[in-house]
Amino acid sequence: MEYKPRAIEIKWKNYWEENKIYKVENPKPGEATKPKFYVLDMFPYPSGAGLHVGHPLGYIASDIFARYKRMNGFNVLHPMGYDAFGLPAEQYAIQTGVHPAVSTDKNIKRYREQLENLGFSFDWDREVKTCDPAYYKWTQWIFLQLFKHYYDTDLQKAVPIEDLIEKFEANGNANINAASSSDEIFSAEEWNSKSPKQKDDVLMNYRLAYRKVSYVNWCEALGTVLANDEVKDGVSERGGFPVVQKPMLQWSLRITAYAERLLNDLDTVEWSDALKTMQRNWIGRSEGAQLFFEVENSDEKIEIFTTRPDTIFGATYMVLAPEHPLVSTLTTPEKQSTIDAYLNYVKSRSDRERMAEVKEVTGAFLGSFAINPITKTRIPIWIGEYVLMDYGTGAIMAVPSDDERDYTFATKFELPIIDVIDKADYPGAGKHDKLGKMINSGFLNGMEVPDAIEATLKQIEDLGIGQRQVNYKLRDANYSRQRYWGEPFPVKYDSDGVAHALSDDQLPLELPELEDYKPGAGGQSPLARNESWVNTEEGFSYETDTMPGFAGSSWYFLRYMDAANDTEFASQDAVNYWKDVDLYIGGTEHAVGHLMYSRFWNKFLYDKGLVPTVEPFKKLINQGMIQGVIEYIFLMKDKKEGFSHFKCAKLIEMEGQAEAVRIPVLVDFVNDYGSPNSYLSIESFKQFIAWRPEYKDAIFECSKGIYHKGVFTSKKDATDSHLFTKSEIGKMSKRYFNVVNPDDVVEKYGADCFRMYEMFLGPIEHAKPWDTKGIDGVSKFLRKFWSLFFDDDGNFSVNDTNPSKDELKMLHTAIKKVSEDIERFSFNTCVSAFMVAVNDLKKIKSNNRRILEDLVRLIAPFAPHIAEELWEKLGKMEHSKTIQEAQFPKLNEAYLKEDSVKYPIAINGKTRVFADFPADASKDDLEKAAIEIEDIQKWTDGKTVRKIIVVPNRMINIVVG
RNA sequence: GCCUCGGUGGCGGAAUUGGUAGACGCGCUGGAUUCAAAAUCCAGUUCUCGCAAGAGAGUGAGGGUUCGAUUCCCUCCCGAGGUACCA
């Protein structure tokens with residue numbers, strides 16, 4: 001019987017669905033019979049382009065692991081859902097008028113179909129969609145909990161805001177240690193005499209979800225605020241328009257309160273070092289000192305942060321950020337015009353310019369002087385672009401001798417430089433390395449840098465001019481988007497603008513329907529145009545901004561545990577049973593966004609006693625992207641003529657320059673011209689580009705020649721009608737015309753083949769281009785595997801006798817390799833092991849029932865359809881509804897034992913001869929036997945044997961000479 | 001610049017604690033089958049020399065530790081990702 005993958009796959013897909021084979025129950029408390037295991041994929045954003053071959057890579061890996069765990073007796077939670085709020089659906093709505101809910105729904109249906117084609121063992125009853133009111137009800141609820149809590153830094157946990165109010169009423173805030181955005185101190189009397197509005201303002205400085213004026217990425221051309229990840233190199237990712245920082249009233253989450261815990265708890269999770277490092281860098285903890293500098297002839301003090309207090313004797317000037325609040329007070333009348341001019345200059349510069357010209361130093365002298373608190377010398381106060389308002393205190397003490405930027409600044413403006421560290425003992429040490437001996441530094445002289453840091457910190461504290469301080473790069477998370485397609489904030493504002501939480505029974509606050517989704521002028525949200533939203537009948541108004549994309553994805557892993565619950569985000573029983581995600585698979589693009597926010601939300605819920613574990617994701621694997629080939633045509637923008645094609649060679653030179661335009665073209669249009677070049681005929685290109693209005697009148701000229709490995713060489717057979725393309729490996733995306741749809745591959749080869757092939761491509765962590773070159777090999781393997789069960793006439797035929805020693809050895813070699821490799825997520829080598837096993841069995845024409853049964857169970861996690869089919873043919877369905885109820889084969893080492901072992905025998909590490917020895921031979925026996933082998937004597941002839949090294953079961957090395 | 005991870009045949013990649021480098025697949029070469037092709041099967045395939053047996057070289061480059069290094073250490077080169085006036 002011929003192996004017809006699609007027929008088998010459709011049969012089992014329907015069977016699994018009808019019999020709810022992958023439905024997972026939450027056991028009642030105390031009644032759990034199996035250990036739990038939670039395997040999670042990062043859920044996809046359902047884009048209009050549909051699923052491409054890159055998406056399933058991680059899903060296949062997690063599905064294999066889930067199936068493997070299930071067959072090893074675990075109760076496995078393996079769900080799937082959709083991150084369904086977000087910008088693309090809204091942009092699509094703006095262009096087409098189709099409501100985002102409608103297009104999102106359509107996309108989800110498509111995704112679901114595509115996913116179901118691949119044989120995943122998801123429990124679809126637990127499917128979640130973040131845009132579903134039944135889901136975002138709880139996103140809103142968690143937001144409100146954040147709103148109703150503050151962070152107590154003594155207890156190191158979140159505490160209800162009512163407790164804080166009580167403390168304010170009794171004692172004011174002088175003795176309160178809490179994460180706060182203000183350092184205002186007030187007494188109980190002062191608190192009690194505040195108006196409700198004033199009290200609200202103060203509480204906002206403490207709430208974990210709070211509202212304040214903060215700087216946002218404003219893009220004038222697009223008329224909207226952008227998230228950080230929508231801004232690349234100072235311009236909008238979409239359109240490339242300039243982005244400026246603009247203050248706006250925004251919601252934020254006080255993630256900084258959790259910085260220390262987010263950092264420390266990284267040690268407890270099994271993530272890759274690369275990822276942990278990324279998170280550590282993002283949190284950016286640095287230890288140092290907070291230090292106050294007095295200003296001459298003024299009551300003002302300048303607060304700075306430094307990680308190098310030891311260098312204070314070299315602090316010869318100070319620099320404030322141009323936006324620093326003290327700038328205007330400290331500017332002397334004589335310098336006023338200079339400073340105004342400088343501030344204007346700074347303002348005129350876009351982020352992009354500031355970023356591009358980091359080497360360029362600019363600054364201006366305020367005219368005032370500060371007093372170095374240790375040396376008591378008078379030092380000038382400058383402002384400069386290189387000091388950033390958002391890090392530390394927005395002011396620094398400049399030590400030109402030991403800081404590169406301070407040095408450049410001092411050199412340019414001719415400020416004094418005092419060497420304070422002698423690095424003579426540490427050749428090669430950089431300015432930032434904390435190495436060397438203190439010089440010109442008073443009481444620090446002669447100390448090594450680490451001791452000097454300690455001594456200075458002590459001195460600073462003794463003198464009361466500052467204290468030890470830890471600083472973080474991590475910023476509070478901006479939580480407002482001037483967008484339509486997101487979760488509404490569950491708050492209402494009274495006429496004073498005070499935010500009130502909605503009560504639990506008012507949730508969810510549903511997103512109203514709109515006619516027009518366009519963002520308004522000046523950063524006004526689409527919802528602001530909805531009269532009943534901003535002027536409710538009760539006299540309140542709702543927030544017109546919506547929550548950002550990461551809101552819904554920060555807790556979805558908890559919802560799967562109890563997805564249909566409408567009285568809690570998930571029942572406590574469910575949460576306590578499933579606890580945390582044992583295995584999480586997804587891309588690195590979420591390394592600092594989603595993964596940081598989820599950890600933060602989880603920790604907050606942990607503080608509230610609502611989740612049992614400190615960290616949500618125990619083990620994390622980053623799957624690499626499957627990339628596509630992008631073919632580009634280069635065009636030169638001709639100043640006079642508009643667009644015209646430019647000669648290939650020069651175009652390559654133009655790459656990266658403003659006048660060069662790269663146009664990705666459809667791969668189907670491109671013909672192979674011999675590696676590494678491809679070409680497109682002018683006619684095809686015109687046909688391809690015709691619909692784009694900007695190229696309507698373009699003239700396309702061709703060049704003769706070929707771009708080859710960085711050199712332009714002319715090639716005789718190149719014709720005038722060939723436009724050469726340059727190919728690059730990159731993201732699969734609709735706009736690059738390189739999306740490969742898994743459905744097509746499945747149609748041709750079957751889902752089992754697709755699954756195994758994606759695994760076979762290489763380690764899951766690696767990025768790799770999609771390439772169907774090798775898929776025939778996997779397809780061939782599956783047919784071979786199938787044919788093991790059939791005789792020459794095509795009839796199902798297995799042999800019921802006892803398996804032979806050889807057969808058992810072949811089988812158990814595979815069992816050993818596959819079970820070890822699944823555990824270490826090396827799925828490509830598992831596939832190799834299957835191939836070896838099947839080839840070996842094929843060679844000895846084995847069709848032993850017991851061998852084949854085990855082989856079917858072994859391959860089931862990888863190729864579930866063919867496994868179910870063969871399992872049924874073997875008559876096993878009489879005992880179980882699915883192969884998922886069968887045991888994963890157990891290894892019996894005894895079958896792998898050999899009577900004799902073939903040893904490589906080396907002379908001085910170089911293998912010369914192979915020899916068989918009894919498996920139970922002792923080290924001494926092996927030594928003696930090895931040296932007596934004739935061939936070996938030939939090699940050792942005339943030389944003294946100095947040592948014989950025997951590694952049991954590995955090799956024998958004879959050292960001579 | 002800094003941080004992290006990599007660099008192995010024509011290609012994707014194996015080699016799990018230092019122990020036969022190149023498993024497995026693709027591709028390629030030759031053969032069988034066929035009127036022919038596809039498909040299938042068999043054999044070969046790191047490089048150099050050699051008809052062969054065999055010899056030598058070989059895991060980005062150079063050095064080191066070791067009886068023995070793809071694996072550990074140092075220096076350098078190249079690539080990917082992250083991050084950046086972070087005080």
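Note that this is a predicted model, so its numbers are computed, not measured. A note on names: the letters A, B, ... follow the listed sequences, proteins ahead of strands, and every chain is numbered from 1. What you see below is based on every heavy atom in this structure, not just the backbone, and it leaves out hydrogens, waters and symmetry mates.
Within 4.0 Å of A:Pro769, counting heavy atoms only, lies no atom of the nucleic acid at all. Among the protein residues, A:Met835 comes within range of the sugar-phosphate backbone only, with heavy atoms under 4.0 Å from sugar or phosphate atoms but none that close to a base. Across all strands shown, A:Asn839 has heavy atoms under 4.0 Å from sugar-phosphate atoms exclusively, and none from any base. Across all strands shown, A:Lys773 has heavy atoms under 4.0 Å from sugar-phosphate atoms exclusively, and none from any base.
Minimum atom distance to the side chain of A:Val836 is reached by B:C24, of the listed B:C24, B:A87, B:C67. Comparing atom distances between the A:Asp821 side chain and each of B:U16, B:C67, B:C85 picks out B:U16 as nearest. The side chain of A:Val951 approaches B:G19 more closely than any other nucleotide in the set B:U16, B:G19, B:U4.
In this structure, the CG atom of A:Asp776 is 13 Å from the C1' atom of B:U40, given to the nearest Å. In this structure, A:Met759 atom CE and B:A14 atom P are separated by 13 Å, rounded to whole Å. Atom P of nucleotide B:A84 and atom CZ of A:Arg475 are separated by 12 Å, given to the nearest angstrom. Rounded to an integer number of Å, the gap from CG of A:Asn828 to C1' of B:C26 is 15 Å.
Between A:Lys923 and A:Glu927, no side-chain nitrogen of the basic residue sits less than 4.0 Å from a carboxylate oxygen of the acidic one, so the salt-bridge criterion is not met. We find that A:Arg285 and A:Glu287 are joined by a salt bridge, their nearest charged nitrogen and carboxylate oxygen being less than 4.0 Å apart. With salt bridges taken as basic N to acidic carboxylate O contacts below 4.0 Å, none links A:Arg280 and A:Asp273. Salt-bridge formation is detected for the pair A:Lys809/A:Glu898: a Lys NZ or Arg NE/NH1/NH2 atom is positioned less than 4.0 Å from an Asp or Glu carboxylate oxygen. The existence of a salt bridge linking A:Lys780 and A:Asp776 is excluded, since no basic side-chain nitrogen approaches an acidic carboxylate oxygen closer than 4.0 Å.
Close to B:C5, at under 4.0 Å from its OP1 or OP2, lies no side-chain N or O of A:Asn622. Taking side-chain N and O atoms only, A:Arg824 has a distance below 4.0 Å to OP1 or OP2 of B:A15. A:Lys780 has a side-chain polar atom (N or O) that falls below the 4.0 Å cut-off from OP1 or OP2 of B:C26. A:Arg405 has a side-chain polar atom (N or O) that falls below the 4.0 Å cut-off from OP1 or OP2 of B:C86. Checking the phosphate oxygens (OP1, OP2) of B:A39, no side-chain nitrogen or oxygen of A:Arg783 falls inside 4.0 Å. Between A:Lys947 and B:C67, a side-chain N or O to OP1/OP2 separation shorter than 4.0 Å is present.
In the interface, the side chain of A:Lys784 is not paired with the base of B:U40 through any donor and acceptor atom under 3.5 Å apart.
Nucleotides B:A14 and B:C24 have their C1' atoms positioned 7 Å apart, rounded to a whole Å.
Side-chain contact between A:Met397 and A:Ile312: present, with at least one pair of heavy atoms (C-beta onward) separated by less than 4.5 Å.
In this entry the base of B:G13 is anti relative to its sugar, with a glycosidic angle more than 90° from 0.
Toward the 5' end of RNA chain B, the nearer of the two residues A:Thr911 and A:Ser832, judged by each one's closest nucleotide, is A:Thr911.
The partner of B:A43 is B:U29, judged by Watson-Crick or G-U wobble contacts that both fall below 3.5 Å.
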